[in-house]
Amino acid sequence: MTRTHAPVSLPVTLTIAGSDSGGGAGIQADLKTIEAHDAFGTSAITATTAQNTTGVKDINVLPTDHIAAQYDAVVDDFDVGAIKTGMLATAAVIETVTDCLAEFDGPVVVDPVMVAATGDRLLSEDAEAAYEALFDHATLVTPNADEAELLTDRTVDSVDAAEAAGRDIVDLGANAALVKGGHIDGDDVVDTLVIDESATDATHTEGFSHPRIDTDATHGSGCTLSSAIAARLAHEETLTEAVAGGVAFMERAVRYGIDAGEGPGSVHHLVEMRERADREATTAAVERIVARLVETNVEPLVPAGGMNVVGATRYAESAAEVVGVDGRLSQTRTGIRHNAGVRSGVGSDLAHQLLAAREVFPALRFAATCRLDDAVEQALDTLDGAVVRGSGASATEVVATALDDADVPPAAIIDAGGADRQPAVIVAAPTAATLRKRLVGLHDALITE
Ligand SMILES: Cc1ncc(CO)c(N)n1
């Protein structure tokens, strides 16, 4: 018997870039990012680098005719929806790529890669000038502040200077420039998009601001951003949509970077897909905790308004990414019950409190609310972790104040209560098994008192 073949059609995205043997940047980053955007990734490799998280050890630039042959092989066969360029290594490669792109009429994102995050040069000295001709074919150029300085001969140390540099790059021939703010000081990173409005002979500027993530593990972030934007353009998003979506994608990839190698590590290109994949396992883990609480009949721990249990996926950033009991566990004559299931996005106070705790201790993934009375407060002494106290008008403020000067993830957070909040204690843990043990342990301590 044969089965009907069921192929899908995905927008094709081409990366013209170098290979990073360390996997975090270059074509390795590009292909992962493109595939994470539901596009089909193809590549023309300009150079191979012997590279890891500590630095670039060797660079082998491929012959320009072979680079052009890779390009032709891809565009002759596929309907390429968008192209991005990354490490181009030498002026000769930039010129080859410029010739190739002269024939292409889809969107082109040029990431003018010059220096790796480790500080090693990826573009030969004096090749910067060759970029000018390439910019004529660019829908968008995505320099960081250092690259913008070299391209425009300006000092780029403020948002205003970034905007001026963006205008210069548009004057050089690009349709738009996104001057990234990561290398400009400030608690927030502001990426500045300057778009040529040829109809009015003016430029339009938009800022994309996001909180700075406190890390130097940004290896691959520029490659990831430009590939995300290219894949989104291949999906026919507008430039502004593609930039906003790409910036948000990159921000999450940086926050949940991968701790690999001796150096600062890599960004996590597939983080959104892994977040989705984690929901099922997280739901099952919360269901197992709930089943155990029902079986143990932890009634002395259940608050008057019912008990809530939540679990965050490893990469949870919003209430949609936290699973919890839909409704609460409440006390009945025959034990504790819940009459709805466990699902993601319940958006309870506890879900928001867990997210607030994860801002400080991202390893915390599971939490439950318990009744706060003298007996429970005494039983907290038996917990295997720190007990902290918070106060504030809102549920999340309580968590933020409680964790203000904590240096380890606490086992419990005491909330003295507020205007419309009962006093409660939040028991938290990095794993479902630890939360279950802590809750059952508290219950055992209460009934054996
Ligand atoms: C191959 C390659 N391309 C780009 C970068 C920039 O991060 C890098 N480190 N390596």
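Whatever order the structure lists them in is the order used to number ligands and atoms, beginning at 1. Predicted model, so just to flag it, every value in this text is computed and none were measured. Index from 1, following the sequence.
- Put simply, the side chain of V109 does not reach to within 4.5 Å of the side chain of I83, judged on heavy atoms.
- Taking the six-membered ring for Trp and the full ring otherwise, Y315 and H268 have centroids separated by under 6.0 Å.
- Between E321 and R252, at least one side-chain nitrogen of the basic residue sits less than 4.0 Å from a carboxylate oxygen of the acidic one, meeting the salt-bridge criterion.
- Shown here are the side-chain hydrogen bond (donor to acceptor under 3.5 Å, both in side chains) partners of T49, two or more places apart in sequence or in another chain: Q51.
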Table of N or O contacts for ligand 1, cutoff 3.5 Å:
from	atom 1	to	atom 2	distance (Å)
ligand 1	9 (N)	Q51	OE1	2.8
ligand 1	10 (N)	Q51	NE2	3.2

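- At a threshold of 4.0 Å, the pair R358-E317 does not count as salt-bridged, since none of the basic side-chain nitrogens sits closer than that to a carboxylate oxygen.
- Contact between A202 and D196 at its shortest, heavy atoms only, is O-OD1, 3.6 Å.
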